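A quick note: this is a predicted structure, and the numbers were derived from the prediction, not measured. Chain identifiers are assigned alphabetically (A, B, ...) following the order of the sequence lines, protein sequences preceding nucleic acid strands; residue numbering begins at 1 within each chain.
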Amino acid sequence: MPKDGITTREHDYSQWYLDIVQQAGLADYAEVVKGCIVFKPFGYAIWELMQRQLDDRIKETGHENAYFPLLIPKSFIMKESEHVAGFAPELFEVTHIGNEKLEDPYVIRPTSETIIGHFYSKWVRSYRDLPLLINQWANVMRAEMRTRPFLRTAEFLWQEGHTVHVDEADAERETLMILHEVYADFAEREMAMPVIRGLKTEKEKFPGALRSYCIEAMMQDGRALQSGTSHNLGQNFAKAFDITFTDQNNTVQTAWTTSWGVSTRLIGAMIMTHSDDEGLVLPPRLAPIQVVVVPIHKNEGEKSAVMAAVGALTAQWKGRLRFKIDSRENLSPGFKYNEWELKGVPVRVEVGPKDLEKGTVALARRDMPGKAGKSFVPQEGLTERIEALLVEIQQALFDRALQFREARTAFVGSYDELKLQIETGFARAYWAGTSEDEKRIQDESRATIRCIPLDQPGVAGICFYTGKPTSQLVIFARAY
RNA sequence: CGGGGCGUAGCGCAGUCUGGUAGCGCACAGCGUUUGGGACGCUGGGGCCGUGGGUUCGAAUCCCUCCGCCCCGACCA
């Protein structure tokens, strides 16, 4: 039964998403600042868990964190022509300090390639300085016509990695390593969100990049969400910012750079991948609260007995489980069940007088809402049982999302089939068209090529649009 | 940025057409009874009716301005 105040997915998917964000207490509109949101504590806690996991992976793969200025001289942004053209309309510009007008205005970073490029040109001298592997956790700002909490806001939080390499091969190795070992691994293992790893087409790539790679996920309305990008920037920024080094032969060479990022958009991706009409559904590995305990008692005598049992049961949880004991008075147990379901807590334990008699507890799993996911289990071995259940839920969420994506992905051999397929999901198609063809298809069908999957069967076929022979399969979808 | 809708208590709304000084449900506070799937009774607090201007004896209500939010497009992590 859908919770009060949550629009069902079937009725209005957009509104459902907004309801979840609001009702689960993840974010609030910063109504006095256009296009921005407030990350409320529960939403920010999810981001902190994501950050921790990503930061570990980024460091394990050899990168160090640093921090560069929020303000970028406007002239820097102008230095790389494709980059300027890509970002110009979205820039916030700082023109004054107090009443004084600035000679040389700043922009608030929409991304930091340019200012980091400026410093890298000073830092890189020799091939021995390379590769230079730096990451930054930061906020960035891009003006957006239409905003949605987490998915698209004027200000968002992210990490951006910026690396410098001696040659194209090394830059490419970095770009792909991040895609696979950091982003795809994080998405699938921590978020329980299956992703397609792919290459962006020329039309869809990052402004200023040589090649852009991405992970794309399917949301429950069948639309695609770009969840992370990794760019081989070639020598474009190195040339614009004069990042050069002396090689083994004492010859001056232009360096190769990469950049890669994931943002708080991942929170939106996670919501839209797993949640249901009852509210938020969080994968256990990213749930700020993994287990909630609801004590049940009618009188003082029962209360002290139940609370003593709860204390004994949870004694060994600290450090093993993220848990909360909901001992709020004057709220009925039923109310609490609904509230924690709304907030997506993966596992709920109920302890009442009957459990004390029988040596049991009631154990409910959020991925099976309502009474369906509830069972009575012995108190004996509860901690291990819960740990195993969290692993099981994590896997079940991934499996369910993968099955959903597979069921909503189909090969299409004609334009008509494509137009139909992208109404509900992903269309796989042979493609040999141009950027102009792609643009025309977007105008006509609202679908774009999300990516050219890296995993290609390599079987010859015919492009559905141009009729040319090709073995290249791409994914078309409507995108967020 | 275009088209549409909406701004009245923390939330959801009525009242606006036809001007007369603001109401309902939930939430909140106090007390009492309750507590195994969204408890109940009584009492109570809370509103510059989005902003600024205009019309009027009088404006939530009529007119203009600006701002914000939502939906559908075009632009983008």
Within the 4.0 Å heavy-atom criterion, would you say [X] contacts the bases, only the backbone, or no part of the nucleic acid?
| X | value |
| --- | --- |
| A:Ala362 | base |
| A:Asp355 | base |
| A:Ser227 | nothing |
| A:Ser263 | base |
| A:Gly261 | nothing |
| A:Lys203 | nothing |

[atom1] of [X] versus [atom2] of [N]: gap in Å, rounded?
| X | N | atom1 | atom2 | answer |
| --- | --- | --- | --- | --- |
| A:Gln23 | B:C26 | CD | P | 17 Å |
| A:Asn330 | B:C31 | CG | P | 11 Å |
| A:Glu302 | B:U34 | CD | C1' | 13 Å |
| A:Trp137 | B:A77 | CH2 | C1' | 14 Å |
| A:Arg265 | B:C76 | CZ | P | 12 Å |
| A:Asp326 | B:G36 | CG | C1' | 15 Å |
| A:Phe335 | B:C28 | CZ | C1' | 12 Å |
| A:Lys200 | B:A77 | NZ | P | 8 Å |

- Message: Please tell me if A:Gln442 has a side-chain N or O lying less than 4.0 Å from either OP1 or OP2 of B:C75.
- Response: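 Affirmative; the distance criterion is met.
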
- Examine B:A39: is either OP1 or OP2 under 4.0 Å from a nitrogen or oxygen in the side chain of A:Lys336? Give yes or no.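 For A:Lys336, the contact criterion (side-chain N or O under 4.0 Å from OP1 or OP2 of B:A39) is not met.
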
So which nucleotide from [options] ends up closest to the side chain of [X]?
| X | options | value |
| --- | --- | --- |
| A:Glu350 | B:A39, B:G36, B:A77 | B:G36 |
| A:Gln226 | B:G36, B:G37, B:A77 | B:A77 |
| A:Gln15 | B:A77, B:G37, B:C70 | B:C70 |
| A:Arg152 | B:A74, B:C76, B:G36 | B:C76 |
| A:Thr147 | B:A77, B:G36, B:C70 | B:C70 |

Inter-nucleotide [atom1] distance ([N], [M]), Å rounded:
| N | M | atom1 | value |
| --- | --- | --- | --- |
| B:G7 | B:G12 | P | 11 Å |
| B:A59 | B:C17 | C1' | 15 Å |
| B:A9 | B:G52 | C1' | 23 Å |
| B:C66 | B:C1 | P | 12 Å |

- Query: Is the number of heavy atoms from other residues, nucleotides or ligands under 6.0 Å of A:His96 NE2 greater than 12?
  - Reply: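 It does: A:His96 NE2 has more than 12 such atoms within range.
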
- Message: Using a 6.0 Å cut-off, check whether atom NZ of A:Lys324 has over 12 heavy atoms from anything other than its own residue.
- Response: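 Incorrect, the count does not exceed 12.
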
- Presence of donor-acceptor pair under 3.5 Å, side chain of A:Glu341 and base of B:G37: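 Looking at the base of B:G37, it does pair with a donor or acceptor on the side chain of A:Glu341 (distance under 3.5 Å).
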
- Taking 4.0 angstrom as the limit, do A:Arg197 and A:Glu188 come out as a salt bridge?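 Yes, charged N to carboxylate O under 4.0 Å.
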
- Task: Decide, yes or no, whether a salt bridge links A:Glu172 with A:Arg211 under the criterion of side-chain N to carboxylate O below 4.0 Å.
- Result: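 Salt bridge flag = yes for A:Arg211 with A:Glu172.
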
- Message: Given the ring of A:Phe68, does A:Arg109 sit roughly above its face, with NZ or CZ under 6.0 Å from the centre of the six-membered ring and within 45° of the axis?
- Response: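 Verdict for A:Phe68: no cation-pi partner in A:Arg109.
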
- In Watson-Crick or G-U wobble terms, both distances under 3.5 Å, what is the partner of B:G46?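 With both distances under 3.5 Å required, B:G46 matches none.
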
- Residue whose closest nucleotide on RNA chain B lies nearer the 5' end, A:Ala154 versus A:Glu329: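 Its nearest nucleotide being more 5', the pick is A:Glu329.
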
- Task: May I ask whether A:Phe156 stacks on the base of B:A77, given the cut-offs of 5.5 Å between ring centres and 30° between planes?
- Result: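 A:Phe156 vs B:A77: stacking yes.
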
- Item | side chain to side chain contact (heavy atoms under 4.5 Å, CB included) assessment of A:Leu91 paired with A:Ile108 | CA-CA 7 Å; A:Leu91 294 176; A:Ile108 296 174; over 6 Å; no

- Determine whether A:Gln290 and A:Val345 make a side-chain contact, defined as any pair of heavy atoms from C-beta on separated by less than 4.5 Å.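 They are not in contact (no side-chain heavy atoms under 4.5 Å apart), so the answer is no.
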
